[in-house]
Amino acid sequence: MATSRSPEIRKDAVHNRWVIFSPARARRPSDFKSKTDAASDANPHTACPFCAGHEHECAPEIFRFPPESTLDWKVRVIQNLYPALSRDLDPPDVQCGGAQLAVAGFGFHDVVIESPAHPIHLNHLSPPQIADVLLAYKKRIDQLRGFDSIKYVQVFKNHGATAGASMSHSHSQILALPIIPPAASARIQSMKEHFEQTGECAICQVKQQDLLIHESNHFKSIVPFAATFPFEIWIIPRRHSSHFHDLDREMADDLGGVLKLMLVKMCVQLQNPPYNMMVHSAPLGAESTQLPFSHWFIQIVPQLTVVGGFELGTGCYINPVLPEDAAKVLREVSVQD
Ligand code: AMP
Ligand code: ZN
Ligand code: ZN
């Protein structure tokens, strides 16, 4: 373990990849700030298709919370107007083939509008309101699980233009795929190998106190031992669970508070950075009892660095901030209620 400022190469057991920690390349961890303020475009007078009253400018709605609400809705799940995959195609029969295998782009691409009001971002919502967003993810995943041809569901959020967002109104997306994407299959394979070698789930095994940011009834928030990115945060269920859709109301309420706390801490410490949030769950189809090695978690990545030629060429990332330093800074940053 690195005690000095000399570089160290750490193995990420969840993703089976190496990360180079190079503290000499960094400013002090406490000096990290985002160059762009991702909340700066939230003009309270701006309106967009995701605002309440503009529902007719959106692609069709799938459901809303509360179900019978009108203009007073809290969360809406809608079809994406420009979907990456089409729900109207026949599900493909995906089999291994030659070097140029191609199948029809069947799948579902939905948008979750997290708030009816344009300037309100996810970190501004109350914990029960964030819990509603999380339960909207769960409800939509439960619907998508009904399609045999859907193998994996990716929930993700882009916040701020440099994190890939094209809409500033608070939203996340759900993409349901007829294949298991490479990052998910590599993660599952890596966690399986770890389990076979050690008899333990790689995420249940995380016990290092110096990586801990916060603990609640059901969740631990940490900076992972081999974090790929500076100030990356993982929120992990304390009890082993393979699928995000196993979340119940009590856990969602707890997670709503934890997610808010992590987003607010990140915004205070790093000056409203653009960020991505991803829910990493197990592929559909297998029951939780069959997956003692696969543990779902939420990953939050503030966009503070750019991916360059070294990363693209090697798949190996250089992180200038040691995870235990980032965890200490995030643990200690105080937020007002
Ligand atoms: P992002 O690009 O990450 O900000 O995600 C916004 C998503 O909303 C994009 O994938 C757009 O295709 C989608 N989108 C934009 N306008 C609409 C609309 N009026 N109705 C439904 N989806 C939309
Ligand atoms: Zn809006
Ligand atoms: Zn576990």
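We count ligands from 1, going down the list as the structure has it; atoms in each ligand are counted the same way.
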Start with the C-alpha gap between Tyr137 and Ser172, add the side-chain angles, then the distance that decides, and say whether side chain to side chain donor-acceptor pair (under 3.5 Å) holds. CA-CA 9 Å; Tyr137 299 162; Ser172 27; 2.8 Å; yes
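- If you look at His118 and ask which of its N, O or S atoms sits nearest the Zn ion (ligand 2), the answer is ND1.
- Counting only distance, with no hydrogens or angles, the side chain of Glu232 and the backbone of Thr228 share a donor-acceptor pair below 3.5 Å.
- Counting heavy atoms closer than 4.0 Å to ligand 1, residue Glu57 contributes backbone atoms (N, CA, C, O) but none from C-beta onward.
- Considering backbone and side-chain N/O of His109, none are found under 3.5 Å from N/O of ligand 1.
- The closest approach between Gln79 and ligand 1 falls below 4.0 Å for a heavy atom of the residue.
- Take the N/O/S atoms of His295: the one nearest the Zn ion (ligand 3) is ND1.
- The closest donor-acceptor contact from the side chain of His214 to the backbone of Ser221 lies at 3.5 Å or more, if one exists at all.
- The local environment of CG in Asp90 is sparse, with at most 12 non-hydrogen atoms from other residues, nucleotides or ligands closer than 6.0 Å.
- Checked by distance only, ligand 1 and Phe50 stay at 3.5 Å or farther apart across all their nitrogen or oxygen atoms.
- Residue Asp72 places its CG atom among more than 12 non-hydrogen atoms of other residues, nucleotides or ligands, all under 6.0 Å distant.
- Tested against Glu114, the residues Lys157, His124, Gln129, His121 include a single side-chain hydrogen bond (donor to acceptor under 3.5 Å, both in side chains) partner, Lys157.
- Interface atoms of ligand 1 facing Cys58, defined by a heavy-atom separation under 4.0 Å, are 19 (N), 20 (N).
- Checking Cys51 against the Zn ion (ligand 2), an N/O/S atom falls under the 2.8 Å cut-off.
- Of the candidates Asn80, Val111, Leu175, Asp110, Asn80 brings a heavy atom nearest to atom 10 (O) of ligand 1.
- At the shortest separation from atom 4 (O) of ligand 1 among protein heavy atoms lies Ser166 N, 2.7 Å.
- Of the protein's non-hydrogen atoms, the one nearest atom 6 (C) of ligand 1 is His171 NE2, 3.3 Å.
- With distances taken over non-hydrogen atoms, the option nearest atom 20 (N) of ligand 1 out of Ala59, Cys48, Gly164, Ala163 is Ala59.
- Using a 4.0 Å cut-off between heavy atoms, Leu81 contacts ligand 1 through both its backbone and its side chain.
- Among the heteroatoms counted here (N, O or S) of His169, ND1 is the one nearest to the Zn ion (ligand 2).
- The nearest N/O/S atom of His240 to the Zn ion (ligand 3) is ND1.
- Here Pro49 has side-chain heavy atoms under 4.0 Å from ligand 1, and that is the only part of it that gets that close.
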